Structure formats: structure tokens, C-alpha cells
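Accompanying notes for the structure given below.
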Amino acid sequence: MGTTAADFWRHNTDLRDITPRGERFPEVGLFDVLRSACQGVVFDFGCGDGRLSPAFDPDRYFGFDINATALKVARVTNPKHRYVTQWLPADTWLAWTVLLHVPDDELPAVLDGANRYSRIVVGEVMGRRWRREGEPPVFNREPEEYEAMFERPVMRMQVPYPRYGCDLTVLVFD
Ligand SMILES: C[S@@+](CC[C@H](N)C(=O)[O-])C[C@H]1O[C@@H](n2cnc3c(N)ncnc32)[C@H](O)[C@@H]1O
């Protein structure tokens, strides 16, 4: 059996590509954007090493990931925040630079889970022109594709992402 995109992330013990190389916060105004997009208790899907956690009150935050090494680092770095290995109820489901790493055939199951939350926030570089094979492969999608999949009212925001000379698109679904 071949390896899947999820295998890459699950077994990525050197945490390669989990945080942006050489620049931990390349998104301009990241924490302000996160705070304005999310509401209530936040379920940070694909939280990685907890890079985003300090944007949120520890009492109103759960970080979730399939990479055990990343969760271990997150727990040490942010001892007051909670990190879990199962989906938990919350007000906002946040996926920040995560869904582009989920292959098309695995996406429906993830979206079914996300749809149980009242607010969904997806932030990443969007546009099929960014798709590429490799390690890890990326499966960028057009914003309209996510909008069609979630079928909810949406607010769109753009976050400058000078590292790639483009914007990162943020979709907030209610
Ligand atoms: C590029 S990192 C982003 C981490 C974090 N959101 C941030 O912005 O710093 C992608 C994260 O998604 C996680 N991930 C990938 N596929 C996943 C899946 N199917 N379920 C949960 N997490 C996943 C990876 O383990 C990795 O930590």
C-alpha cells in the first residue's frame, strides 16, 4: 500500500513544513485576523505545534492534530492551552493552512465533521494554480469550491502573505 498525505503528517517527527520555514509568522496581522474571524470556544483543527494558540484564551480553545510530536511541542510551549486527539464540540471550527493538505477524496469526511460547528473558518492560500505533487503534496482549491461545499453564508477576507507574493484567503461561514 502507498503512503497517503495523512501518513506524511502523522509521521513527520521533525515537524518539517508544519510551521513556515525560517519565518514563524509570515501572515500579516495574523492574531488580529484570527481573533476577529473566530468566536466562542475554538477547535483548532490541524493545530500543529500550537503556533496559533496564543491568539486565543486557553479556556476557550482546543488544539487537535494527527501528529503526536507536534502536539507534544504544543503542550510544552503553551502549557495552559488544551490539546486533544479527538474532535470536541466548540463554537468555531478553525482550519488554518490545513485543508490544502487534505486530498480531495478525504475532504468530504472532514467537512462532515466541520459542519457540526456553528462557525467554520478556513484560512489558506487558495487557487488551483498552487496545486503540486511532492512531499507534502498540496491540494489548493478555489474559494468558490469551499463556498459550494459548505452551503452557508460566507464572509471573505484577504490576509497579505508577502512570503509567497500573494494573499491568504480567509472564509468565515456561519
Ligand atoms: C501546515 S501545518 C499548519 C499548522 C497550524 N495550523 C499552523 O498554521 O501553524 C498543517 C497541519 O495539519 C495537520 N494535518 C494534516 N492533515 C490532517 C488531518 N487529516 N487531520 C488533522 N490534522 C491534519 C498536520 O499534522 C499539520 O500539523
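As the structure is a computational prediction, the values presented were derived from the model and not from experiment. Numbering of ligands and ligand atoms starts at 1, following listing order. Just so it is clear, the values below take in all heavy atoms, side chains as well, and ignore hydrogens, waters and symmetry mates.
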Subject >> Location of contacts on Ala5 toward ligand 1, heavy atoms closer than 4.0 Å >> reply: neither
Subject >> SB check Arg141 Asp104 (cutoff 4.0 Å) >> reply: yes
Subject >> Glu144/Arg156 salt bridge by N-O under 4.0 Å criterion >> reply: yes
Original post:
For ligand 1, is Ala70 a contact, meaning one of its heavy atoms is under 4.0 Å away?
Top reply: no
Original post:
Asp44 to ligand 1: N or O pair under 3.5 Å?
Top reply: no
Original post:
Would you say Asn67's side chain and Thr69's backbone share a donor-acceptor pair under 3.5 angstrom?
Top reply: yes
Original post:
Which one of Ile66, Leu99, Thr4, Thr19 has a non-hydrogen atom at the shortest distance from atom 19 (N) of ligand 1?
Top reply: Ile66
Original post:
For Phe31, does the CZ atom sit with more than 12 other heavy atoms under 6.0 Å from it, leaving out its own atoms?
Top reply: yes
Subject >> Qualifying side chain to side chain donor-acceptor pair (under 3.5 Å) pairs with a residue from residues 91-103, counting only residues at least two apart or across chains >> reply: Glu27-Trp96
Subject >> Option whose closest heavy atom lies nearest to atom 27 (O) of ligand 1, chosen from Asp65, Asn12, Thr97, Asp49 >> reply: Asp65
Original post:
Is His101 in polar range of ligand 1, meaning some N or O pair under 3.5 Å apart?
Top reply: no
Original post:
Minimum heavy-atom separation for Asn78 to Gly50, with atom names?
Top reply: ND2-O, 3.2 Å
Original post:
When only distance counts, is Gly46 in polar contact with ligand 1, meaning an N/O pair under 3.5 Å?
Top reply: yes
Subject >> ligand 1 versus Asp17: contacting region, heavy-atom distance under 4.0 Å >> reply: backbone
